[in-house]
Number of protein chains: 2
Amino acid sequence: MAATSTSSGTVQKALHVLDIVADFKRPVRLNEIVSVSPYPKGTLYRMLQTLRTEGLLAYDEYSNEYSLGMRLVRLAHSAWSQFSLAPIARAHIDGLSESIDETIHLAQLEASQVLYVDKRNAKRPVQMYSQAGKIGPAYCTGVGKAMLAFLPEAHLESILAQQSYHAFTQKTLDSKTALLSALEQIKSQGFAFDDEEHEPGIICVATPILTSSNSVVGAISVTATTARTTLENLKSYVPKMQETANNIAQSAEHWRSPAEH
Amino acid sequence: MAATSTSSGTVQKALHVLDIVADFKRPVRLNEIVSVSPYPKGTLYRMLQTLRTEGLLAYDEYSNEYSLGMRLVRLAHSAWSQFSLAPIARAHIDGLSESIDETIHLAQLEASQVLYVDKRNAKRPVQMYSQAGKIGPAYCTGVGKAMLAFLPEAHLESILAQQSYHAFTQKTLDSKTALLSALEQIKSQGFAFDDEEHEPGIICVATPILTSSNSVVGAISVTATTARTTLENLKSYVPKMQETANNIAQSAEHWRSPAEH
DNA sequence: TTATTCGTTTCAAATAATGAAATAGAATAT
DNA sequence: ATATTCTATTTCATTATTTGAAACGAATAA
């Protein structure tokens, strides 16, 4: 009685189609969508038209390809400015960025995944995966683990159950048990590492952002490459990061996290 | 014949509700939405539930308030990275930002308005769609006028008809005729000014980004305050901006603008 | 207590979405 | 030029979701 969603709901269907288009990460044609969706062609066609005229999809008449539309960007701006930590944390992150010349991320949990909501590049930016708005796995990123470690048990359970545990690298913690023991250590030491668990050559330290009642609102991380530094070195940033996290938490005290159900 | 929308379509309705929530720019309760929407309470209630469980809206159980949800941020990231000029223009904007220590914007036309898709602040280098995503009026911003001036006549007409011509400041060109003559001059000189037409104390220069076939794909601007500089000074940036715009256009030559219908 | 306000549920009626199959249109092959 | 093979689009009777007035319940105020 719990698992799959009932097929009902026009809005659900439309969202599903949007997700499909998003997953392609490139413009797609009707037939490509047909082949990966449960809906018949006629239905999909009409749905795509609707999404297109509403501006949720962009359409190229010459190639007959659909992509996500800019109306989403407009809508997301409102969501981001109201409901992400980014506006609240901005000044604090700026400060941290001035004293640490590495890539800094601000992330939140969203739908059991990590959502990067802000980012500062080092002066010499490293070309890597991740930008604000990007999502990543919770179980094998620094920010993800930092947040998971401080979640109340019930919430943690439900999130862990939804992880894919894909082994991105040889070092990925690709099982729930491995992850759980890592989380325990993170909780006791107060910060998390990512030791090339998501991308080879990329390491980071992350600290959670906790309110006075110890609920997790986000995390910040400092990222670097193994070519240039070590985890041990990154560790020296932790005190400054924790101070920043505390300051953000204080500013966010009266801000209500969308993750709280 | 042109104005109001037919009431049909579940997706349309859902989007309308999202827009209403977005327009409040703060969390809102059911009854507030009821008072500004054409739908009865029961209908709205169910719609909000749907949007909420889909993650398009966030909900605070204690205050019963809805806000835009972070799923939009996730979706928008795909839209932004595929369909905005930003990823293509990034390196070029970075370069420009290094030689000009002022705020730089990259904008596109979207639904007859200006959509800022990237931004560089004088000091901190950030690239993300989040502070981008903001929309502004086309008729009284530098980037807006720069783009309008180079639009084909038919397209321009339809866009001009949709402007609100609100006089934000005393200097705002608040009529179609005033705007049209300004556009003519912009077209002949190749760049546009914003002389405090949108915000008092804020001035900017903007140049259009034109493909080899002279179609408008976007615009870049350099913004400053009257307290610190003058339009005459800003003008000196124009050659560099035009060079950058040309380079972006070259990179974007094979990129298809969503605005082309 | 009694009003009042707001959120939630109900259920028959109204309406929008469905999908199999036919049609139109484009591109490629013969 | 004509046939062939894709793909996109339309049709229409059927199906199922959405609708909305009104009733209900919960919470707060008077």
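A note on names: the letters A, B, ... follow the listed sequences, proteins ahead of strands, and every chain is numbered from 1.
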Task: Selection: residues 16-33 of chain A, any non-hydrogen atom under 4.0 Å of DNA chain D - done: A:R29, A:L30, A:N31

Open item on the list: What is the separation between atom OH on A:Y39 and atom C1' on D:dA8, rounded to the nearest whole Å?
Closed with: 20 Å

TODO: Could you identify which residues of residues 41-52 of chain B place a heavy atom less than 4.0 Å from some atom of DNA chain D, listed by residue number, or say none?
DONE: B:T43, B:R46

TODO: List in chain and number order the residues that pass side chain to side chain donor-acceptor pair (under 3.5 Å) with B:S37, two or more places apart in sequence or in another chain; answer none if no residue qualifies.
DONE: none

- [ ] Would you mind reading off the distance between A:K13 atom NZ and C:dG19 atom C1', rounded to a whole angstrom?
- [x] 11 Å

Open item on the list: Can you measure A:Q12 atom CD to C:dA17 atom C1' for me and round it to whole angstrom units?
Closed with: 14 Å

- [ ] Sorted by first residue and then second, give each salt bridge (charged side-chain N to carboxylate O under 4.0 Å, His left out) pair with at least one member in residues 151-169 of chain B; sequence neighbours left out.
- [x] B:E157-B:K176

Task: Nearest-angstrom distance from the residue atom CG of B:N64 to P of C:dT5 - done: 17 Å

Task: C:dA17 phosphate, OP1 or OP2, under 4.0 Å from B:T10 side-chain N/O - done: yes

- [ ] Sorted by first residue and then second, give each salt bridge (charged side-chain N to carboxylate O under 4.0 Å, His left out) pair with at least one member in residues 33-42 of chain B; sequence neighbours left out.
- [x] none

TODO: Can you sort out the partners of A:Q242 under side chain to side chain donor-acceptor pair (under 3.5 Å), two or more places apart, ordered by chain and number?
DONE: none

Open item on the list: So, using side chain to side chain contact (heavy atoms under 4.5 Å, CB included) as the criterion, who are the partners of B:S212 when residues are at least two apart?
Closed with: B:E253

Open item on the list: Checking A:Q162 now: which residues fulfil side chain to side chain donor-acceptor pair (under 3.5 Å) with it, not counting sequence neighbours?
Closed with: A:S112

Task: Axial bend angle, the helix from C:dT1-D:dA30 to C:dT30-D:dA1: five-pair end segments, nearest 10° - done: 30°

TODO: Could you list the residues that satisfy salt bridge (Lys or Arg N to Asp or Glu O under 4.0 Å) with B:E32, not counting sequence neighbours?
DONE: B:R26

- [ ] Applying side chain to side chain contact (heavy atoms under 4.5 Å, CB included), name anything that partners B:A111, two or more places apart in sequence or on another chain.
- [x] A:R74

- [ ] Report yes or no: do B:D60 and B:Y66 form a side-chain donor-acceptor pair below 3.5 Å?
- [x] no

- [ ] Could you go through the side chain to side chain contact (heavy atoms under 4.5 Å, CB included) check for A:V36 and A:F24 one step at a time?
- [x] CA-CA 10 Å; A:V36 297; A:F24 271 94; 4.0 Å; yes

Open item on the list: A:A91: which residues meet the side chain to side chain contact (heavy atoms under 4.5 Å, CB included) condition with it, sequence neighbours left out?
Closed with: none

Task: Shortest side-chain distance from B:P40, nucleotide among D:dA21, D:dT9, C:dT8 - done: D:dA21

